[in-house]
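Worksheet: one structure, shown below.
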Amino acid sequence: MSQFLDGIEVNEDSETGKIEAPDFDLHLSMDCGQIFGWEEAEGKYTGTLAGRAVTLVQDGANIHYFAETGLNPARISHFLALDVNYRSIMRAISIDDFMKKAVDSAWGLRLLRQEPWPCLGSYILSSNNSVERIRSLVREVSLAMGEARYLGDRRVYAFPRPEALASCHEKDIRACGAGFRSPYLNRAARMVAAGEADLDSLAGLPYAEAKDVLKRLPGVGDKIADCVLLFAFSYHEAFPVDVWIKRAVERIYFDSRELKIREIHEFARSYFGEYAGYAQEYIYYYARECGLE
DNA sequence: TCTCAGGCACTAT
DNA sequence: ATAGTGCCTGAG
């Protein structure tokens, strides 16, 4: 077993392995704000995938995993989106000095391929909230209603299944600190659990149609729909516009002139093209971590 | 006390 | 279509 998984006890219910991951930075990808519900400790990231607990750690161009038996490496690679041609996308979005600088500042930051429901649920909880608050909210909700999984000597809570969030009372979600988002998550979970909204059917739909389906869910507007399409369904043209992106785009490309959200979308589509979503992530990262001077 | 934080839904125009 | 407003909550 790898020294990178030191201190971890493997038993008959778990296994380890490694996955080649060139041009991949686990830390950047996990901590850039695209995903919630994974815990970091000493460079190791622990969460659940397909209902099983897993710990990931990076060693150069390899990702080592320690997972509950039954979670195969192909599923992990899929989550890490290692099939995506990262270099060609980076070339495509490095279209000006700012974008080159932004890409350089976070090389290896990839868009992960999250599971649809945990992604949607987390983003419903994200509205009008800061990253740190979203993290703790997702943690509270998972602790209260998510399934406990066991990996080595630790316990890991999955994001609650739609059935769990559907059958509980709105107040149970509110008790986790979700506030006005509670009824949204409760009702969205009911729609998903009842099959009234079929997340699996989104894959393959044209972007605009998939977005319309998501926006029928309570608590899901333009921004959150775009996040889910980009972070769970790999619609790389999706360009979620939050206050950071709005300010950054106005500042960098419009001499700080105020734009409508619609105008930002039009600009993004025409300027960045089919990989606008990747461009968004780098603009977001740079604006937050490096500042726009 | 007040503002702000990675929005959404509702209402009025 | 678009603009204005309330909303849970915790941090600064």
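In what follows, chains are A, B, ... by sequence order, proteins preceding strands, each numbered from 1.
- There is no path of hydrophobic side-chain contacts, each under 4.5 Å, that joins A:Met30 to A:Tyr157.
- Using a distance-only test at 3.5 Å, with no hydrogens or angles considered, a donor-acceptor pair links the side chain of A:Tyr282 to the main chain of A:Leu109.
- Residue A:Asn186 contributes atom CG, which lies 15 Å from atom P of B:dA9 at whole-angstrom precision.
- Within the 4.0 angstrom heavy-atom criterion, only backbone atoms of the sugar-phosphate kind lie near A:Leu217; the bases stay farther away.
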Return all side-chain donor-acceptor pairs below 3.5 angstrom for residues 189-205 of chain A, not counting sequence neighbours, or 'none' if the list is empty.
| unit_1 | atom_1 | unit_2 | atom_2 | d |
| --- | --- | --- | --- | --- |
| A:Arg190 | NH2 | A:Asn186 | OD1 | 2.7 |
| A:Asp198 | OD1 | A:Asp200 | N | 3.2 |
| A:Ser201 | OG | A:Asp198 | O | 2.7 |

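- Near-neighbour residues of DNA chain B inside residues 262-276 of chain A, defined by a heavy atom below 4.0 Å, are absent.
- Across all strands, A:Leu137 comes closer than 4.0 Å to no nucleic acid atom at all (heavy-atom distances).
- Residue-level contact check: A:Val241 touches neither bases nor backbone, having no heavy atom under 4.0 Å from any strand.
- Contact detail for A:Pro218 and A:Ile124: the closest heavy-atom pair is O-CD1, 3.9 Å.
- In this structure, a donor-acceptor pair under 3.5 Å is present between the side chains of A:Tyr207 and A:Asp226.
- For A:Leu125 and B:dG7, the CG to P distance is 13 Å, given to the nearest whole Å.
- No path of Ile, Leu, Val, Met, Phe, Trp and Tyr side chains, each step under 4.5 Å between heavy atoms, connects A:Phe66 with A:Val156, placing them in separate hydrophobic clusters.
- Taking the six-membered ring where tryptophan is involved, the planes of A:Tyr286 and A:Phe98 are perpendicular, since the angle between them exceeds 60° and thus also 30°.
- The interatomic distance linking A:Leu120 (CG) with B:dG7 (P) rounds to 16 Å, in whole Å.
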Is there any protein nitrogen or oxygen under 3.5 Å from a nitrogen or oxygen in nucleotides 10-12 of chain B, and what are the pairs?
none

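- Note on residues 23-58 of chain A: pairs passing ring pair (Phe, Tyr, Trp, His ring centres under 6.0 Å), not counting sequence neighbours, are A:Phe36-A:Tyr123, A:Trp38-A:Phe79.
- No side-chain donor-acceptor contact under 3.5 Å links A:Gln280 to the backbone of A:Ile245.
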If a protein heavy atom is under 4.0 Å from the base, mark B; if only from the sugar-phosphate, S; if neither, -; do that for nucleotides 3-12 of chain C going 5' to 3'.
S---BBBS--

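- Regarding A:Asp222, its CG atom lies at a distance of 12 Å from the P atom of C:dT2, rounded to whole Å.
- Listed by first then second residue, pairs satisfying side chain to side chain donor-acceptor pair (under 3.5 Å) with a partner in residues 235-245 of chain A number zero, not counting sequence neighbours.
- Shortest non-hydrogen contact noted between A:Ser14 and A:Thr69 is N-OG1, 3.2 Å.
- A:Phe159 and A:Tyr150 are not part of a single hydrophobic cluster, where members link through side-chain heavy atoms under 4.5 Å apart.
- Both A:Leu230 and A:Ile261 are part of a single hydrophobic cluster, where members link through side-chain heavy atoms under 4.5 Å apart.
- Closest-nucleotide positions on DNA chain B for A:Lys215 and A:Val131 were compared, and the one nearer the 5' end corresponds to A:Val131.
- Between A:Gln280 and A:Pro218, the one whose closest nucleotide on DNA chain B sits nearer the 5' end is A:Gln280.
- Here the P atom of nucleotide B:dA5 and the CZ atom of A:Arg135 are 18 Å apart, to the nearest Å.
- For residues 166-186 of chain A, no residue pair satisfies the ring pair (Phe, Tyr, Trp, His ring centres under 6.0 Å) rule, not counting sequence neighbours.
- In this structure, the CZ atom of A:Arg216 is 18 Å from the C1' atom of B:dC8, given to the nearest Å.
- For A:Glu258 and C:dT2, the CD to C1' distance is 15 Å, given to the nearest whole Å.
- Applying the salt bridge (Lys or Arg N to Asp or Glu O under 4.0 Å) rule to pairs touching residues 14-26 of chain A yields A:Asp23-A:Arg87, sequence neighbours excluded.
- Sorted by first and then second residue, the salt bridge (Lys or Arg N to Asp or Glu O under 4.0 Å) pairs involving residues 116-142 of chain A (not counting sequence neighbours) are A:Glu39-A:Arg139, A:Glu132-A:Arg135.
- Separation of the P atoms belonging to C:dC8 and B:dT11 is 15 Å when rounded to the nearest angstrom.
- Rounded to an integer number of Å, the gap from CG of A:Leu185 to P of B:dA9 is 13 Å.
- Against DNA chain B, the stretch residues 28-37 of chain A makes heavy-atom approaches under 4.0 Å through A:Cys32, A:Gly33.
- Listed by first residue number, the stems of DNA chain B with at least three Watson-Crick or G-U pairs below 3.5 Å are B:2-5 with C:9-12, B:7-13 with C:1-7.
- Within the structure, every pair that satisfies the salt bridge (Lys or Arg N to Asp or Glu O under 4.0 Å) test and touches residues 159-173 of chain A, not counting sequence neighbours, is listed here: A:Arg161-A:Glu163, A:Glu170-A:Arg174.
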